[in-house]
Amino acid sequence: RGDRERAGGGDAGGHSAMLVKTLSAQLSSERTTCKNALLQVSKARTESLAREEDLLKHIKLLEEELKRSLQSRQDRAQLIQSTVSDA
């Protein structure tokens, strides 16, 4: 009877070892998946920040262009007003 219990224990031990290997492999796979997902998120964030910087530069250029255009219109309006006043 002791031999059977030991044999049964050995089978259970073998089963436990197999289960540990299987779970370890799954965990390793999940870690790899998570690392890859984090890398993708990091890359997407970097790309998003770069696009945001480009948009901000473009907005600043548009603001400068609008200021120049406004100044030009104000100058023209002032010239017209002074021309009309002189006449």
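Quick caveat, the model's predicted, so the values are computed rather than measured.
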Is atom CD of E65 surrounded by more than 12 heavy atoms (other residues, nucleotides or ligands) closer than 6.0 Å?
-> no
In this structure, CD of E52 is separated from CD1 of I59 (nearest 0.5 Å) by 9.0 Å
Any chance you could lay out the side-chain contact (heavy atoms from CB on, under 4.5 Å) test for R51 and S48, step after step, and finish with the verdict?
-> CA-CA 5 Å; R51 279 193 302 268; S48 176; 4.0 Å; yes
How many angstroms lie between CZ in R73 and CG in L66, if you round to the nearest 0.5 Å?
-> 9.5 Å
Here the gap from L55 atom CG to K57 atom NZ, rounded to the nearest 0.5 Å, amounts to 11.0 Å
Side-chain donor or acceptor of S85 paired with backbone N/O of Q81 under 3.5 Å = yes
Modelled atom types, side-chain donor and acceptor of R68 and S72, under 3.5 Å | no
The reported gap from OG in S69 to CD in E64 (rounded to nearest 0.5 angstrom) is 13.5 Å
Which of T33, T32, L38 passes side-chain contact (heavy atoms from CB on, under 4.5 Å) with N36? Answer is T32
Would you confirm whether T83, through its side chain, and L79, through its main-chain N or O, come within 3.5 Å as a donor-acceptor pair?
-> yes
Is any side-chain heavy atom of E47 closer than 4.5 Å to a side-chain heavy atom of K43?
-> yes
dist K21:NZ -> L23:CG (nearest 0.5 Å) comes out at 13.0 Å
Yes or no on side-chain hydrogen bond (donor to acceptor under 3.5 Å, both in side chains) for Q71 and D75, after CA distance, side-chain angles and deciding distance?
-> CA-CA 6 Å; Q71 185 62 51; D75 292 347; 2.9 Å; yes
